[in-house]
Amino acid sequence: MAISRRAVGLGILGLSAAATGALVYGRSSPLIRGYLGEETKLFGFIGGEKERFLANPDVVSALRRHGGLVLDARRAGSVEMARERTLLDQKPQFLWPSSSVLVDLARASGVKIQRDQVILNSPIVVYSWDVVAKGLVAAGLAQPDGAVRYRLDLARLLDAILQNRAWADIGVPSLYGRARLLSTDPNRSNSGFMFAGLAANLLAGEVATPQSLTVVGDKVQAIFTGMGYKPSSSGKMFEDYIAGGPGAQPLIVGYENQLVEWVLEDEARWSRLEAAAPAKPVILYPQPTVFSAHPLIAIDETANALIDALMSPDVQEIAWTKHGFRGPLGTSGEIDTPLVKDRILPRIDQVLPMPDIRTMLALIDRLAA
């Protein structure tokens, strides 16, 4: 059957309209926009411990490959970004705090969440120096686990701090004054927020609740009051620790990945430190500890593509091999890096859940007083 010119014209017109529609629809998808070489710019807030990861040129390239994503990621405290109106009123398209509990805090702050997904994990650890760690071992507060890492009885250490015991009393006579363990401000930064929850759990002997805070809240408050100045960022605290040495920063709370990232960032610097410094950084794993999950919160629909991109195998491998972040399930990556593999525990078994958001808000309100 012969096809008329009119039918051919209508067919071409229909195909053209369909192609135009598909292109218009496709361009609303970051993935299609990426294939077309177009950018999708996303603005949001991130915890400071992820700044170097997102600045890594390999991550920047991977995000461009996964949908042309270009980030305007600004540093903010994890607790602040989940509840401060001055930040939320800037209309971020995503938030990337450092604790799953903070997803509930963001929701309670009125954030309309499109999707949330834990991207990375890192256990809360205590950073110290080999000379301090050996003293804690001698005092029975820690145990060596291999040549360069330790397990810490955090409950006993907190008890010693609450008893105002001097460093000399707990095996470290070279340090001045009373024993102290420093963290960030729990009302601004996630590592301090999580340490407050962990301390409350250990003092309560169970996952803390509003009821148990009536018993242990004063003790947690005393521990934080004794710290004095508390930085607002875990990144700043880690920098102070490395620069200050054991005399100024004998014990600090941090994330496991921070030392790994610092070592991998400049291997020559690390080698010089190991060869020449009078004291060497070491990781102490609290027994038990809590996991700092890093959930990305998509507020704008277009930020869903960022979750997919960050969960891709190539980005996850960069997170482990270059920055020491464990995967969403808390497991280590498949590739061991020789410089750090003996410094970190392959598996974290003793993990406590964080108190719920109602308990944590009551706790940090008390700590802010």
Side-chain angles (χ1 to χ4, degrees), residues 124-145 147-186 189 191-205 208 215-231 234 236-255 258-259 273 277-290 350 363 366-369:
I124 290 292
V125 300
V126 172
Y127 284 114
S128 186
W129 304 88
D130 54 356
V131 292
V132 178
K134 289 173 183 174
L136 297 180
V137 171
L141 300 180
Q143 291 182 329
D145 185 339
V148 289
R149 67 183 181 223
Y150 298 83
R151 295 177 188 265
L152 174 67
D153 189 334
L154 182 58
R156 289 192 63 194
L157 176 63
L158 294 181
D159 185 56
I161 291 172
L162 286 168
Q163 292 180 31
N164 293 321
R165 297 182 67 184
W167 284 111
D169 297 332
I170 62 170
V172 197
S174 59
L175 296 183
Y176 172 78
R178 293 181 299 171
R180 62 188 188 280
L181 171 59
L182 306 178
S183 84
T184 54
D185 183 345
S189 165
S191 58
F193 178 84
M194 298 202 72
F195 175 66
L198 176 59
N201 283 346
L202 292 175
L203 292 169
V215 179
V216 304
D218 286 347
K219 292 181 178 179
V220 180
Q221 192 169 15
I223 291 168
F224 274 84
T225 300
M227 294 178 187
Y229 170 71
K230 293 172 279 295
S234 56
K236 176 68 167 58
M237 170 156 270
F238 186 79
E239 291 166 6
D240 291 345
Y241 155 74
I242 290 291
Q249 307 283 342
L251 291 169
I252 71 160
V253 176
Y255 302 110
Q258 288 180 288
L259 181 60
L273 178 63
K280 299 175 179 57
V282 294
I283 301 177
L284 289 81
Y285 286 86
Q287 303 283 300
T289 187
V290 287
Q350 296 190 34
L363 179 58
R366 178 189 284 258
L367 298 179

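None of the values given here were measured: they were computed from a predicted structure.
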Mind checking whether [X] and [Y] have side chains closer than 4.5 Å, heavy atoms only?
X    : Y    : result
I223 : L158 : yes
Y150 : V132 : no
W129 : P281 : yes
V126 : L157 : no
Y241 : Q258 : no
Y255 : I124 : yes
L259 : F238 : yes
V253 : T184 : no

Item to check | Test item: side-chain donor near acceptor, S191 and S234, under 3.5 Å | outcome: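 No, no side-chain donor-acceptor pair sits under 3.5 Å.
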Starting at [atom1] of [X], measure out to [atom2] of [Y] and round the result to the nearest 0.5 Å.
X    : Y    : atom1 : atom2 : result
T225 : L367 : OG1   : CG    : 7.5 Å
K236 : S189 : NZ    : OG    : 12.5 Å
L363 : F224 : CG    : CZ    : 7.5 Å
Q287 : D145 : CD    : CG    : 8.0 Å
L181 : L152 : CG    : CG    : 8.0 Å
F195 : M227 : CZ    : CE    : 4.5 Å

Checklist entry - Should L251 and Y127 be marked as a side-chain contact (heavy atoms from CB on, under 4.5 Å) after you check the CA-CA gap, both sets of side-chain angles, and the distance that decides it? => result CA-CA 6 Å; L251 291 169; Y127 284 114; over 6 Å; no
What closest approach, in Å, do [X] and [Y] show between heavy atoms, and which atom pair accounts for it?
X    : Y    : answer
L198 : P288 : CD1-O, 3.9 Å
A248 : R180 : O-NH2, 3.5 Å
L284 : A142 : CD2-CB, 4.4 Å
V290 : M194 : CG2-CE, 3.9 Å
S183 : P231 : O-CD, 3.9 Å
V172 : G135 : CG2-CA, 4.2 Å

[X] side chain vs [Y] backbone, donor-acceptor pair below 3.5 Å:
X    : Y    : value
R149 : Y285 : no
K280 : P278 : no
D130 : A279 : no

Checklist entry - More than 12 heavy atoms of other residues, nucleotides or ligands under 6.0 Å from NZ of K219: is that the case? => result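 No, the 6.0 Å shell around NZ holds no more than 12 heavy atoms from other groups.
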Checklist entry - Within a reach of under 6.0 Å around CD of Q143, are more than 12 heavy atoms found that belong to other residues, nucleotides or ligands? => result no
Item to check | Side-chain ion pair, D218 and R366, N-O less than 4.0 Å | outcome: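 Salt bridge present between D218 and R366.
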